[in-house]
Every structure is written in C-alpha cells, then in structure tokens.
Amino acid sequence: MKIDKNKRTKTSSGFHVSQHASINTDNPIPTPKAPAPDVLRVAYMELQVTDLAASREFYVDVLGLHVTDEDENEVYLRSSEEFIHHNLLLRKGPVAAVGAFSYRVRSPEDVDAAEAFYKEIGCRTERRKDGFVRGIGDSVRVEDPLGFPYEFFYDVEHVERLAWRYDLHVPGALVRLDHFNQVTPDVPRAARYMQDLGFRVTEEISDGETVFAAWMRRKPTVHDTAMTGGNGPRMHHVAFATHEKHNILAICDRLGALRRSDAIERGPGPHGVSNAFYLYLRDPDGHRVEIYTQDYWTGDPDNPVVSWDVHDNQRRDWWGTPVVPSWYTDASLVLDLDGNPKEVIERTDDSEMEVTIGADGFSYTRPDDEDMPDWKKGEFKLGN
Ligand SMILES: [Fe+2]
C-alpha cells in the first residue's frame, strides 16, 4: 500500500495514518515567544504515598526496582538500565497523589528556557539551584497550564547502571521508565500546548470530532506522556518497560504465587495504540502502574501519526478484551507546588467509556453484514 504524504490514508490494519495530527482547538493556551526547552525524556515521578513501608514492599520486593537511597520518609528507586539517580521517588504524605512529573532536558541552559517558557504563559514556577530532591541538581518546578506539577532538570547524580548485574535481575525485571499518562478534560487544548513544548503527537483516538486521547513523544518511542480525556488534572499511570512480553507474564505469575493477583487491574494483553504489550497494576495506594514492552521506533521526522476510531474495539486491546470501567474512571490526584491537591475539573466532552460501553469485546461487523450501513461493514467491533 502506498501512503500519500498529503492525506489521511486508511491502512490495511484498520486505522488511518497521516503526516500531522488532526487535533485542533478553539481554546488554545497562547504559544510563548520564548523557545521551548529541549526535553530529552521522561525521567522520574515523585509519588506521595500514605504507607511508605507498604509501597516499598510493592515496588522493591514485588516489582524488583532498585533502591538508590532511602530514609524513614523517602525511598528513591531506579530501573535496571538507569544511570541517573532515580526514576521513582516514594515520599510519605497525608494523601495519595503525584508531586512531580519530571523530565530531563539536554543542557543546563534548557532549565533556564523551561523557566522562561512557563513564566511567559503566566504559570507559577519555582527554581531551586540545589534541586527539590536528592540526586537532582538545578531544577525548575511549575504548575503547568493544565494544572500538572511538571519539573525540568539537567544536573543529576550518576549511579551504576545495573544492566550487567544479572545476579540482581528478577524474571519480571523493570528495565526503564517508559512514560507518564495524564488525565485532562480537554485533550486538544493539552495536545496543542504539548506541541508548543516540543512534543510530537504519535497516535490519537477520536471519532472525527471529539478527541478522546493523544500520545506524544520526545524520545523516539511512541510516547513520553499521553493525555487521556477525563476529569483532571489527575495522573492515570506511570509506566515501566520490560525487555520482552514473557517478563510481563512472569510478573503475573509472581503476583499469583504471592496471592496478590488483586493488584492486577487490566491485562496482560497487547495494545492497539502503540502496539505494545501491557499490564496495569494498582499499588497499595491505588496509584496505577503500567508494565509495558515492545512498542516501535518513532524517531524519523516524517513518522506517521496513527489515528484510531473510538469505536474500534481493538484500539485499547488488539485482541478485543474489554476495558474494565475502573481503568476509565480512576486516577490519582496531583499536588500543587505547596503540596496541596489540585482541584479536579470535570470533562464536558464525551467520555470514551460512555461512547464505547457495551461495545468493548462484544460485537463485530463483517463485510457481508446485511443490517449495517456500508461504511460500517467489515470495519471493527462497534458500540451501537
Ligand atoms: Fe501507558
């Protein structure tokens, strides 16, 4: 099949591809004149937890993350291939919430650029030359225009990359931090702002009018973060990568053996979006963690944007396994720069769960279906 660079092309896999995301907003956040910082990648999440011992047990003893540093209030954890101080900070606090979505930038000057970028938008910013947490130097934290606590840093303490320490690896080893997923009421507004911040959209779910979710990247994978439509600002999940699918199955086996299978919320299974294999877990506070592996390279400048129809029941799971309702509705609060939970704003656009309810997993249209309009024949499972 030949793909026309200038138009939306339907692929033989059932979704459309195009050169540019078709996401438009009539309510944009004004684009600052200050250049965006050069963001390298997702670096770490600061997670406030209510029972530090229970969370440490989950992330270290069950999932096998490595402890870089800890005391009675904080645990700093990293994945086996990481060489910066940490990918996850568990901090004891009064409510379960996210304290920071942190990105690494290319140079010390890019921290200045991030500060200028957000100041021009009118966001609250706080700069600390010695960093906000251990192992990280000069950083800026902002309450971004969507209400999320974002952090940008370059200076970091290097630690040993444990990739060669096979004696420490478990069968379900988490090798890298892969992405964040954020819940926000207005996905097109969020996508436009993230594009101003230098991110590129790789995939989206829409019905041609309403956008339900969008994935965006800096590093050359499907995403560093995704925007999921819903009441927000809230954190949908944080995702760690394994090398292969069997590592994810090993985590399921381990949870079963520990009689902890109730930590599994959804999966394991293959995504449609991203083509990755997935598993969603809930930690002792209910924070959602995804284990994710084997998405695809997106680093070419003309990498095609993939558009999924919201009624395609293989978009969220390529085998058509239904999505559990809690996956659509539940998410974690986020904190402002004073450590107080941000107010959650309700989504007014259609909800993905509502428009696909009764559809996920149940019906299929075939090319010879008599009672379907032509445009629905042989397409995919449908919600109505
Ligand atoms: Fe994800």
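Just so you know, ligand 1 is whichever comes first in the structure, and atom 1 is the first atom listed for that ligand. All residue numbers refer to positions in the sequence shown, counting from 1.
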Relative to the ring of Y76, is the ring of H85 parallel (under 30°), tilted (30 to 60°) or perpendicular (over 60°)? perpendicular
Look at D224 together with R218 and state whether they make a salt bridge at an N to O cut-off of under 4.0 Å. no
In R234, R288, R266, R282, the residue satisfying salt bridge (charged side-chain N to carboxylate O under 4.0 Å, His left out) with D330 is R282
Qualifying salt bridge (Lys or Arg N to Asp or Glu O under 4.0 Å) pairs, either residue in residues 50-72, two or more places apart: R56-E70, E57-R260, D69-R134, D71-R134
Row check, F132 ring normal vs R141 NZ/CZ: under 6.0 Å, within 45°: yes
If we only look closer than 2.8 Å, how many protein N, O or S atoms does the Fe ion (ligand 1) have near it? 3
Quick one: does NZ or CZ of R217 land under 6.0 Å from the six-membered ring centre of F199, within 45 degrees of the ring axis? no
